[in-house]
Enquirer: 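One structure follows; several queries about it will come next.
Letters A, B, ... are given to chains in the order of the sequence lines, protein chains preceding strands, and every chain is numbered from 1.
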Amino acid sequence: MNADGFEALADGVLLFVVLALAIGAVLTWGGAPPTDDGAWGAAYAEDVRLALFRTPLDGLGYEDDGAFVVVPAGTTVETFLRIEVHVRSEEPSLDFSAANARVAALAASLLRPGWAFLLVGGEPGGPEVVRIPDVRPPPTRFESAWTYPSLDGAGPGVRLAFAAWLSPR
Amino acid sequence: MRDVSGVQAVDDLALLAAAVLAFSLFFGAFAEAYVAREARARGERLEALADDLLAAVLDDPRWTVGHGRIDEGALLAAGSEALRPVATGLPFEIVVWNLATGSRWTVADGDRAGTWRTAATAASLIGDPTEPGRIAATVWEP
(Lines give C-alpha, C1' and ligand atoms only; values in the text may rest on other atoms or scores of the structure.)
Protein backbone atom coordinates (compact mmCIF):
# COMPACT_ATOMS: atom_id res chain seq x y z
CA MET A 1 0.00 0.00 0.00
CA ASN A 2 1.36 3.42 -0.91
CA ALA A 3 0.96 6.77 0.93
CA ASP A 4 -2.35 7.49 -0.79
CA GLY A 5 -3.61 4.13 0.32
CA PHE A 6 -2.76 4.80 3.97
CA GLU A 7 -4.44 8.19 3.69
CA ALA A 8 -7.58 6.62 2.28
CA LEU A 9 -7.57 4.05 5.07
CA ALA A 10 -7.14 6.77 7.68
CA ASP A 11 -9.98 8.76 6.11
CA GLY A 12 -12.21 5.70 6.21
CA VAL A 13 -11.44 4.98 9.86
CA LEU A 14 -11.98 8.62 10.78
CA LEU A 15 -15.29 8.70 8.95
CA PHE A 16 -16.35 5.51 10.69
CA VAL A 17 -15.47 6.90 14.12
CA VAL A 18 -17.27 10.20 13.48
CA LEU A 19 -20.40 8.44 12.26
CA ALA A 20 -20.28 5.98 15.17
CA LEU A 21 -20.34 8.95 17.54
CA ALA A 22 -23.17 10.48 15.52
CA ILE A 23 -25.12 7.20 15.76
CA GLY A 24 -24.72 7.25 19.54
CA ALA A 25 -25.97 10.82 19.70
CA VAL A 26 -28.94 10.07 17.44
CA LEU A 27 -29.95 6.98 19.43
CA THR A 28 -29.72 8.97 22.66
CA TRP A 29 -31.94 11.64 21.12
CA GLY A 30 -34.45 9.07 19.96
CA GLY A 31 -34.52 7.07 23.18
CA ALA A 32 -34.80 9.85 25.75
CA PRO A 33 -37.18 8.63 28.47
CA PRO A 34 -40.36 10.64 29.05
CA THR A 35 -40.28 13.01 31.97
CA ASP A 36 -42.44 12.04 34.94
CA ASP A 37 -42.86 14.18 38.02
CA GLY A 38 -45.11 11.65 39.75
CA ALA A 39 -48.01 14.10 39.90
CA TRP A 40 -50.35 11.67 38.19
CA GLY A 41 -49.58 9.01 40.82
CA ALA A 42 -50.33 11.38 43.67
CA ALA A 43 -53.60 12.40 41.98
CA TYR A 44 -54.48 8.73 41.48
CA ALA A 45 -53.85 7.92 45.15
CA GLU A 46 -56.01 10.91 46.10
CA ASP A 47 -58.86 9.81 43.81
CA VAL A 48 -58.82 6.27 45.18
CA ARG A 49 -58.69 7.49 48.77
CA LEU A 50 -61.65 9.81 48.22
CA ALA A 51 -63.71 7.14 46.46
CA LEU A 52 -62.91 4.65 49.22
CA PHE A 53 -63.59 7.02 52.10
CA ARG A 54 -66.88 8.26 50.64
CA THR A 55 -68.32 4.77 50.27
CA PRO A 56 -70.81 3.70 52.91
CA LEU A 57 -70.72 0.09 54.07
CA ASP A 58 -73.48 -1.57 56.04
CA GLY A 59 -72.81 -3.99 58.87
CA LEU A 60 -69.41 -2.67 59.87
CA GLY A 61 -68.41 -3.17 63.46
CA TYR A 62 -65.96 -4.72 65.87
CA GLU A 63 -65.77 -7.39 68.51
CA ASP A 64 -65.56 -6.30 72.10
CA ASP A 65 -65.05 -9.17 74.52
CA GLY A 66 -67.11 -11.59 72.41
CA ALA A 67 -69.88 -9.12 71.61
CA PHE A 68 -70.16 -7.65 68.12
CA VAL A 69 -70.66 -3.90 68.18
CA VAL A 70 -72.29 -2.65 64.97
CA VAL A 71 -71.89 0.90 63.77
CA PRO A 72 -74.95 2.49 62.11
CA ALA A 73 -75.82 1.40 58.59
CA GLY A 74 -74.55 3.82 55.96
CA THR A 75 -71.42 4.71 57.90
CA THR A 76 -68.75 5.66 55.41
CA VAL A 77 -65.35 4.00 55.39
CA GLU A 78 -63.85 7.34 56.40
CA THR A 79 -66.03 7.65 59.49
CA PHE A 80 -65.52 4.01 60.39
CA LEU A 81 -61.74 4.34 60.23
CA ARG A 82 -61.91 7.47 62.36
CA ILE A 83 -63.97 5.52 64.90
CA GLU A 84 -61.51 2.63 64.74
CA VAL A 85 -58.50 4.84 65.39
CA HIS A 86 -60.32 6.66 68.18
CA VAL A 87 -61.53 3.49 69.89
CA ARG A 88 -58.36 1.45 69.46
CA SER A 89 -56.21 4.27 70.73
CA GLU A 90 -58.00 3.72 74.04
CA GLU A 91 -58.48 -0.04 73.78
CA PRO A 92 -56.03 -1.77 71.41
CA SER A 93 -57.40 -5.25 72.07
CA LEU A 94 -60.69 -4.65 70.23
CA ASP A 95 -61.02 -6.83 67.15
CA PHE A 96 -61.70 -4.93 63.93
CA SER A 97 -60.35 -7.63 61.62
CA ALA A 98 -63.64 -8.52 59.88
CA ALA A 99 -64.49 -4.91 59.05
CA ASN A 100 -60.92 -4.19 58.03
CA ALA A 101 -61.03 -7.12 55.62
CA ARG A 102 -64.12 -5.60 53.96
CA VAL A 103 -62.41 -2.24 53.70
CA ALA A 104 -59.36 -3.94 52.21
CA ALA A 105 -61.49 -5.77 49.64
CA LEU A 106 -63.17 -2.53 48.63
CA ALA A 107 -59.85 -0.69 48.32
CA ALA A 108 -58.42 -3.51 46.23
CA SER A 109 -61.40 -3.39 43.88
CA LEU A 110 -61.04 0.36 43.43
CA LEU A 111 -57.42 0.05 42.38
CA ARG A 112 -56.40 -0.79 38.86
CA PRO A 113 -54.89 -4.24 38.30
CA GLY A 114 -51.22 -4.33 39.20
CA TRP A 115 -51.49 -1.85 42.05
CA ALA A 116 -51.20 -2.49 45.76
CA PHE A 117 -52.15 -0.31 48.69
CA LEU A 118 -51.73 0.40 52.37
CA LEU A 119 -54.09 2.24 54.68
CA VAL A 120 -52.71 3.52 57.96
CA GLY A 121 -54.36 5.50 60.69
CA GLY A 122 -53.37 6.97 64.00
CA GLU A 123 -53.12 10.12 65.97
CA PRO A 124 -51.07 12.79 64.15
CA GLY A 125 -47.44 12.25 65.08
CA GLY A 126 -48.41 9.28 67.22
CA PRO A 127 -48.02 5.55 66.76
CA GLU A 128 -49.82 3.69 64.02
CA VAL A 129 -53.12 2.26 65.27
CA VAL A 130 -54.67 0.92 62.07
CA ARG A 131 -52.78 -0.83 59.27
CA ILE A 132 -54.72 -2.41 56.39
CA PRO A 133 -53.37 -4.77 55.12
CA ASP A 134 -50.25 -5.72 57.02
CA VAL A 135 -47.72 -5.09 54.25
CA ARG A 136 -44.52 -3.12 53.97
CA PRO A 137 -44.80 -0.48 51.23
CA PRO A 138 -41.89 0.14 48.88
CA PRO A 139 -40.01 3.45 49.04
CA THR A 140 -41.52 4.47 45.72
CA ARG A 141 -45.21 4.98 46.40
CA PHE A 142 -47.90 7.60 46.04
CA GLU A 143 -49.61 8.82 49.17
CA SER A 144 -52.72 10.77 50.03
CA ALA A 145 -53.56 11.64 53.63
CA TRP A 146 -55.96 13.72 55.63
CA THR A 147 -56.07 14.83 59.25
CA TYR A 148 -59.41 15.04 61.06
CA PRO A 149 -60.43 16.61 64.34
CA SER A 150 -61.11 14.29 67.21
CA LEU A 151 -64.50 12.56 67.10
CA ASP A 152 -65.42 13.65 70.62
CA GLY A 153 -64.09 17.17 70.25
CA ALA A 154 -61.15 16.57 72.56
CA GLY A 155 -57.77 14.97 72.01
CA PRO A 156 -55.27 15.01 69.19
CA GLY A 157 -57.47 14.02 66.24
CA VAL A 158 -56.94 11.34 63.62
CA ARG A 159 -54.72 11.07 60.57
CA LEU A 160 -55.64 8.60 57.83
CA ALA A 161 -53.20 7.94 54.99
CA PHE A 162 -53.64 5.90 51.84
CA ALA A 163 -50.60 4.78 49.86
CA ALA A 164 -50.65 3.08 46.47
CA TRP A 165 -47.86 1.66 44.37
CA LEU A 166 -47.35 -0.39 41.27
CA SER A 167 -46.98 -4.03 42.17
CA PRO A 168 -47.12 -6.17 39.04
CA ARG A 169 -47.47 -9.89 39.65
CA MET B 1 4.77 -6.02 -10.66
CA ARG B 2 1.67 -4.14 -9.55
CA ASP B 3 -0.20 -1.50 -11.49
CA VAL B 4 -0.29 1.79 -9.48
CA SER B 5 -3.73 2.71 -10.75
CA GLY B 6 -5.02 -0.68 -9.71
CA VAL B 7 -3.66 -0.28 -6.18
CA GLN B 8 -5.24 3.17 -5.90
CA ALA B 9 -8.53 1.80 -7.17
CA VAL B 10 -8.51 -0.91 -4.47
CA ASP B 11 -7.74 1.74 -1.82
CA ASP B 12 -10.58 3.92 -3.06
CA LEU B 13 -12.85 0.89 -3.10
CA ALA B 14 -12.04 0.19 0.55
CA LEU B 15 -12.76 3.80 1.45
CA LEU B 16 -16.01 3.69 -0.51
CA ALA B 17 -17.06 0.49 1.24
CA ALA B 18 -16.31 1.99 4.65
CA ALA B 19 -18.23 5.13 3.74
CA VAL B 20 -21.25 3.18 2.47
CA LEU B 21 -21.29 0.98 5.59
CA ALA B 22 -20.87 3.90 7.98
CA PHE B 23 -23.50 6.07 6.30
CA SER B 24 -25.91 3.13 6.10
CA LEU B 25 -25.56 2.55 9.83
CA PHE B 26 -25.91 6.25 10.53
CA PHE B 27 -29.03 6.79 8.46
CA GLY B 28 -30.54 3.53 9.71
CA ALA B 29 -30.01 4.66 13.30
CA PHE B 30 -31.34 8.11 12.47
CA ALA B 31 -34.50 6.68 10.92
CA GLU B 32 -35.04 4.34 13.87
CA ALA B 33 -34.55 7.16 16.37
CA TYR B 34 -36.91 9.43 14.46
CA VAL B 35 -39.62 6.77 14.31
CA ALA B 36 -39.22 5.99 18.03
CA ARG B 37 -39.37 9.66 18.93
CA GLU B 38 -42.46 10.28 16.82
CA ALA B 39 -44.19 7.21 18.29
CA ARG B 40 -43.41 8.40 21.80
CA ALA B 41 -44.61 11.93 21.03
CA ARG B 42 -47.81 10.49 19.62
CA GLY B 43 -48.28 8.32 22.70
CA GLU B 44 -47.67 11.26 25.02
CA ARG B 45 -50.16 13.38 23.07
CA LEU B 46 -52.78 10.63 23.37
CA GLU B 47 -51.98 10.17 27.08
CA ALA B 48 -52.52 13.87 27.68
CA LEU B 49 -55.84 13.71 25.83
CA ALA B 50 -56.93 10.66 27.85
CA ASP B 51 -55.97 12.52 31.05
CA ASP B 52 -57.97 15.56 29.92
CA LEU B 53 -60.95 13.38 29.11
CA LEU B 54 -60.77 11.68 32.50
CA ALA B 55 -60.48 15.06 34.22
CA ALA B 56 -63.57 16.26 32.35
CA VAL B 57 -65.52 13.22 33.52
CA LEU B 58 -64.38 13.77 37.11
CA ASP B 59 -64.85 17.54 37.29
CA ASP B 60 -67.44 18.82 34.80
CA PRO B 61 -70.24 20.45 36.84
CA ARG B 62 -72.85 19.21 34.36
CA TRP B 63 -72.59 15.69 35.81
CA THR B 64 -70.54 16.00 39.00
CA VAL B 65 -71.08 17.51 42.41
CA GLY B 66 -67.45 18.05 43.32
CA HIS B 67 -64.31 16.29 42.15
CA GLY B 68 -64.88 12.59 41.56
CA ARG B 69 -68.56 12.57 42.61
CA ILE B 70 -70.35 11.57 39.44
CA ASP B 71 -74.05 11.58 38.68
CA GLU B 72 -74.24 8.60 36.34
CA GLY B 73 -77.62 9.60 34.96
CA ALA B 74 -76.48 13.12 34.10
CA LEU B 75 -73.33 11.83 32.41
CA LEU B 76 -75.32 9.34 30.37
CA ALA B 77 -77.82 12.05 29.42
CA ALA B 78 -75.03 14.40 28.33
CA GLY B 79 -73.65 11.64 26.12
CA SER B 80 -70.64 11.67 23.87
CA GLU B 81 -71.43 15.10 22.37
CA ALA B 82 -70.50 16.78 25.64
CA LEU B 83 -67.05 15.17 25.68
CA ARG B 84 -66.24 15.36 21.97
CA PRO B 85 -64.56 18.80 22.21
CA VAL B 86 -62.25 17.53 24.94
CA ALA B 87 -61.16 14.64 22.75
CA THR B 88 -60.52 17.15 19.94
CA GLY B 89 -62.57 15.06 17.56
CA LEU B 90 -60.62 11.84 18.07
CA PRO B 91 -62.47 8.61 18.79
CA PHE B 92 -62.88 7.98 22.53
CA GLU B 93 -64.60 5.75 25.04
CA ILE B 94 -65.54 6.34 28.67
CA VAL B 95 -66.25 3.25 30.74
CA VAL B 96 -67.91 3.63 34.13
CA TRP B 97 -67.81 0.53 36.30
CA ASN B 98 -70.06 0.50 39.34
CA LEU B 99 -68.18 -1.73 41.78
CA ALA B 100 -71.19 -2.13 44.08
CA THR B 101 -73.56 -3.49 41.44
CA GLY B 102 -71.00 -4.77 38.95
CA SER B 103 -72.73 -2.89 36.14
CA ARG B 104 -70.71 -1.15 33.45
CA TRP B 105 -71.77 1.38 30.90
CA THR B 106 -70.03 3.19 28.14
CA VAL B 107 -70.04 6.57 26.43
CA ALA B 108 -68.23 6.30 23.10
CA ASP B 109 -67.68 8.29 19.96
CA GLY B 110 -66.06 7.61 16.63
CA ASP B 111 -64.42 4.62 15.01
CA ARG B 112 -62.21 3.17 17.73
CA ALA B 113 -59.16 1.82 15.93
CA GLY B 114 -55.47 2.58 15.80
CA THR B 115 -53.08 3.67 18.52
CA TRP B 116 -54.74 4.17 21.88
CA ARG B 117 -54.02 5.30 25.42
CA THR B 118 -56.12 4.87 28.56
CA ALA B 119 -56.31 6.87 31.77
CA ALA B 120 -58.21 5.40 34.70
CA THR B 121 -59.02 6.24 38.27
CA ALA B 122 -61.54 5.69 41.04
CA ALA B 123 -64.60 7.80 41.75
CA SER B 124 -67.83 7.91 43.71
CA LEU B 125 -71.12 7.37 41.90
CA ILE B 126 -73.61 9.50 43.75
CA GLY B 127 -77.04 8.17 44.55
CA ASP B 128 -78.70 6.52 47.47
CA PRO B 129 -76.34 5.19 48.63
CA THR B 130 -73.13 6.55 47.11
CA GLU B 131 -71.32 3.69 45.40
CA PRO B 132 -67.67 3.15 44.50
CA GLY B 133 -66.71 3.11 40.86
CA ARG B 134 -63.84 2.94 38.45
CA ILE B 135 -63.63 5.23 35.44
CA ALA B 136 -61.51 4.63 32.36
CA ALA B 137 -61.05 7.07 29.49
CA THR B 138 -59.50 5.81 26.26
CA VAL B 139 -58.56 7.88 23.20
CA TRP B 140 -57.66 6.47 19.81
CA GLU B 141 -55.73 7.96 16.92
CA PRO B 142 -56.06 6.24 13.56
Enquirer: Side chain, backbone, both or neither: which part of B:Phe27 has a non-hydrogen atom closer than 4.5 Å to chain A?
Expert: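 Neither part.
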
Enquirer: Which one, B:Gly133, B:Ala119, B:Ala120, leads in non-hydrogen pairs under 4.5 Å with chain A?
Expert: B:Ala120

Enquirer: Return the option, out of B:Gly68, B:Ala100, B:Ala33, B:Ala136, with the maximum number of heavy-atom pairs under 4.5 Å with chain A.
Expert: B:Ala33

Enquirer: Need one label for B:Leu99: side chain, backbone, both or neither, based on atoms under 4.5 Å from any heavy atom in chain A.
Expert: side chain

Enquirer: Return yes when atom CH2 of B:Trp116 has more than 12 non-hydrogen atoms of other residues, nucleotides or ligands closer than 6.0 Å, and no otherwise.
Expert: no

Enquirer: Which pair of non-hydrogen atoms, one from A:Leu119 and one from A:Phe162, has the smallest distance, and what is that distance?
Expert: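 Where A:Leu119 meets A:Phe162 most closely, the heavy atoms are CG-CD1, 4.0 Å.
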
Enquirer: If we only count heavy atoms from C-beta on, is the A:Trp40 to B:Asp51 side-chain gap below 4.5 Å?
Expert: no

Enquirer: Quick check for you: among A:Leu111, A:Thr76, A:Val48, A:Asp47, which has the greatest number of heavy-atom pairs under 4.5 Å with chain B?
Expert: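 Result: the option with the highest number of such pairs is A:Asp47.
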
Enquirer: Tell me, for B:Ala123 versus chain A, whether the close heavy atoms (under 4.5 Å) come from the side chain, the backbone, both or neither.
Expert: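 Answer is backbone: N, CA, C or O of B:Ala123 sit under 4.5 Å from chain A.
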
Enquirer: Regarding A:Arg112 and the six-membered ring of A:Tyr44, is the cationic atom NZ or CZ under 6.0 Å from the ring centre and inside 45° of its axis?
Expert: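 Cation-pi check for A:Arg112 and A:Tyr44: passes.
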
Enquirer: What part of A:Leu52 gets within 4.5 angstrom of chain B, counting heavy atoms only: side chain, backbone, both, or neither?
Expert: neither

Enquirer: Heavy-atom distance under 4.5 Å to chain A: side chain of B:Leu58, backbone, both or neither?
Expert: side chain

Enquirer: Does some side-chain heavy atom of A:Trp146 sit less than 4.5 Å from a side-chain heavy atom of A:Arg49?
Expert: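 When only atoms from C-beta onward are counted, A:Trp146 and A:Arg49 do touch, with a gap below 4.5 Å.
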
Enquirer: Return the minimal non-hydrogen interatomic distance between A:Leu110 and B:Ala122, and the atom names on each side.
Expert: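 Heavy atoms of A:Leu110 and B:Ala122 come nearest at CD2-CB, 3.8 Å.
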
Enquirer: How close do A:Ser89 and A:Val129 get, heavy atom to heavy atom, and via which atoms?
Expert: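 Looking at all heavy atoms of both residues, the shortest contact is OG-CG2, 3.8 Å.
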
Enquirer: Under a 4.5 Å heavy-atom cutoff, which of B:Glu131, B:Glu38, B:Arg69 has the most pairs with chain A?
Expert: B:Arg69

